Protein chains: 2
Amino acid sequence: MTSILNVPAANQLLVELPEVERNAFMAACETVELSFGEVLLQPTETFTHVYFPIDSFISLIAVVGTDSRLEVAMAGREGMLGMPLVLSVEETQLIALVQGAGSALRMTAESFQRLLPDSPVLHQRLKRYIYVVMTQLATSAACNHFHRIEERLARWLLMTQDRAGTDQLNLTHEFLAMMLGVRRAGITLAAIALQARGLICYQRGTITVLDRPGLIEASCDCYRDDCALYTKMLPMI
Amino acid sequence: MTSILNVPAANQLLVELPEVERNAFMAACETVELSFGEVLLQPTETFTHVYFPIDSFISLIAVVGTDSRLEVAMAGREGMLGMPLVLSVEETQLIALVQGAGSALRMTAESFQRLLPDSPVLHQRLKRYIYVVMTQLATSAACNHFHRIEERLARWLLMTQDRAGTDQLNLTHEFLAMMLGVRRAGITLAAIALQARGLICYQRGTITVLDRPGLIEASCDCYRDDCALYTKMLPMI
DNA sequence: AAGCGTCGGCACGCTAGCGTACATAACTCA
DNA sequence: TGAGTTATGTACGCTAGCGTGCCGACGCTT
């Protein structure tokens, strides 16, 4: 089982583009630093930029009612923030929260929409990426519904590790509770269980993945399925 | 509160297209009858056709593990079956189950992909439709997670009523349980509660909506939000 | 009219997870 | 060093929903 991401610092959607496309596209990009906790977008806001994370990553969070939140997708260097713009829609209904600090390429929404029609290879890739995310949204709706906190936590840690590219994750139980839409105490119990099995180890805001294969075993199949779909639809690029 | 659908028998995505587009498109379509329970597509299968329901409707169902199923989206005359083809992807990971018998326009995947580039208005609409469905997937993931069976049932009945275009729905508790990913007995209790409130009435396989506004009141806001997003993104077309 | 299959009501004990609250432990900073 | 803040452990009773199984009612078939 390989991770989604075993490649050097570059956004996977942008690597190995045809020379012309790449040049035009990169010329319109700037590199920005994203810091943890930054909110790039709120529901009903309009995209001013698209982001292609390099070593940062972003959580997409759905809100229902006044205070229920649930992370529904992640965008790291395997993905992008700004899918609606690929569909010529300029708004979002999700919160985009920087979950892993680091750098990203960024381009104005305007440039993006102007350049996209002249970038057929990238455009094709982005459409496939949207398909992958849609499918993940659908199956993770089912996952969130049927699977237990411990499995979901394991899956979430794996996804995060892939995007952070390190074993050491800076995460509090509080934060994890928000992501999974459960109680903080629920995370504590699940984390204790995973630690007792020797899969992770944590102290005060840091979780270290000790046994990745074991963690995959402990997670629901949704993690494997997610990875498999991504590599099928966007193979190595 | 108006429903998504208050229009005569026609697929909403196809109405009022420019003459040329419409003619080319319709010429490639045939009308088919879909019968209840028909499975049009299974996970990993390839699309042979796209469907534009007229008075039928189709459930999209996610599968996790061996026997957990959850309805994640519906396609009636406000939508289509075959979104991945708009993204140039020919497969699906979802089950497409005919949930309301009736007719639909259908076209081969091949024709669809050939005609789409020459149908800019339709193409634009379909992209917006995909955005709507993606957003609904995201928020209904949260809805399924946070809201109770009774609210979710109310919402589901409203969505179904919109697409069926009638007060009388032919549904067993067993079937509803599958859609919502809960026990049959759980549906029975929720249905009893809704009936006690005078919102619905049912006997042996038939549910009648008695008080639509009341049912909206009883459902979570997700129903209203869904409708609002659709009409915002695809206004009356 | 009888029989059978389907559908719905209900009841049992059980579990995961909730809301809440409080205590302890670990860092931070004055 | 000591005070304050933040993160984690844990405990309490509670609720929604689970899995299961059984019974009765309905309605179709013959």
Side-chain angles (χ1 to χ4, degrees), chain A residues 36-37 64-71 99 141-157 168-197 200-208 218-220, chain B residues 36-37 64-71 141-157 168-197 199-208 218-220:
Chain A
F36 177 80
V64 294
T66 52
D67 52 0
S68 298
R69 281 141 209 276
L70 180 67
E71 192 202 47
Q99 206 245 296
C143 172
N144 291 335
H145 186 68
F146 292 112
H147 298 150
R148 309 207 270 120
I149 295 181
E150 192 174 328
E151 298 171 294
R152 291 176 57 210
L153 176 59
R155 174 180 171 222
W156 196 92
L157 291 173
Q168 294 243 132
L169 309 172
N170 293 315
L171 300 163
T172 64
H173 292 189
E174 188 76 47
F175 182 79
L176 290 166
M178 206 246 280
M179 293 295 107
L180 301 194
V182 299
R183 284 183 318 156
R184 202 260 310 155
I187 296 292
T188 301
L189 291 178
I192 288 170
L194 292 178
Q195 185 162 46
R197 293 164 70 178
I200 63 171
C201 157
Y202 65 95
Q203 334 89 48
R204 251 191 117 67
T206 318
I207 298 190
T208 309
S219 74
C220 43
Chain B
F36 177 81
V64 294
T66 53
D67 51 1
S68 298
R69 281 142 209 274
L70 179 67
E71 193 202 46
C143 172
N144 292 335
H145 186 68
F146 292 111
H147 298 150
R148 308 206 273 120
I149 294 181
E150 192 174 327
E151 297 171 294
R152 291 176 56 210
L153 176 59
R155 175 181 171 218
W156 197 91
L157 291 173
Q168 294 243 132
L169 310 172
N170 293 315
L171 300 162
T172 63
H173 292 189
E174 188 75 46
F175 182 79
L176 289 166
M178 207 245 282
M179 292 295 106
L180 301 194
V182 299
R183 285 183 318 156
R184 201 258 309 155
I187 296 292
T188 301
L189 292 178
I192 288 171
L194 292 178
Q195 184 161 46
R197 293 164 70 178
L199 307 177
I200 63 170
C201 157
Y202 64 96
Q203 333 90 46
R204 249 190 122 66
T206 317
I207 298 190
T208 309
S219 73
C220 43

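Letters A, B, ... are given to chains in the order of the sequence lines, protein chains preceding strands, and every chain is numbered from 1. Because only heavy atoms are used, hydrogens play no part in the values below, and waters and symmetry mates are left out as well, while side chains stay in. All of these numbers come straight from a predicted model, not from anything done at the bench.
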A:N144 and B:N144, any side-chain heavy atoms less than 4.5 Å apart: no

Chi angles and distances behind the side-chain contact (heavy atoms from CB on, under 4.5 Å) call for B:I207, B:L176: CA-CA 11 Å; B:I207 298 190; B:L176 289 166; 3.8 Å; yes

Sequence neighbours excluded - ring-ring contact (aromatic ring centres under 6.0 Å, His included) pairs with any residue from residues 170-192 of chain A: A:F36-A:F175, A:H173-A:Y202

Where at least one partner belongs to residues 174-195 of chain B, residue pairs that pass salt bridge (charged side-chain N to carboxylate O under 4.0 Å, His left out), sequence neighbours excluded: none

Outermost DNA chain D nucleotides near chain B [under 4.0 Å, heavy atoms]: D:dA16 to D:dG27

Footprint string (nucleotides 2-9 of chain C, 5' to 3'): B base within contact, S backbone only, - free, heavy atoms under 4.0 Å: ---BBBBB

Single hit among A:V64, A:L70, A:L180 for side chain to side chain contact (heavy atoms under 4.5 Å, CB included) with B:H145: A:L70

End axis versus end axis in the helix from C:dA1-D:dT30 to C:dA30-D:dT1, the angle rounded to 10°, five pairs used at each terminus: 30°

For A:Q168, side-chain hydrogen bond (donor to acceptor under 3.5 Å, both in side chains) partners two or more places apart: A:T208

Residue pairs, two or more places apart or on separate chains, that pass salt bridge (charged side-chain N to carboxylate O under 4.0 Å, His left out) and touch residues 144-157 of chain B: B:E150-B:R197, B:R155-B:D226

Gap between atom CG of B:L157 and atom CE of B:M179 - 0.5 Å precision: 12.5 Å

Interatomic distance, B:C220 atom SG to B:L153 atom CG [nearest 0.5 angstrom]: 10.5 Å

Touch class at under 4.0 angstrom, heavy-atom based, for A:L189 against every strand present: nothing

With A:E71 via side-chain hydrogen bond (donor to acceptor under 3.5 Å, both in side chains) - residues at least two apart: A:S59, A:W156

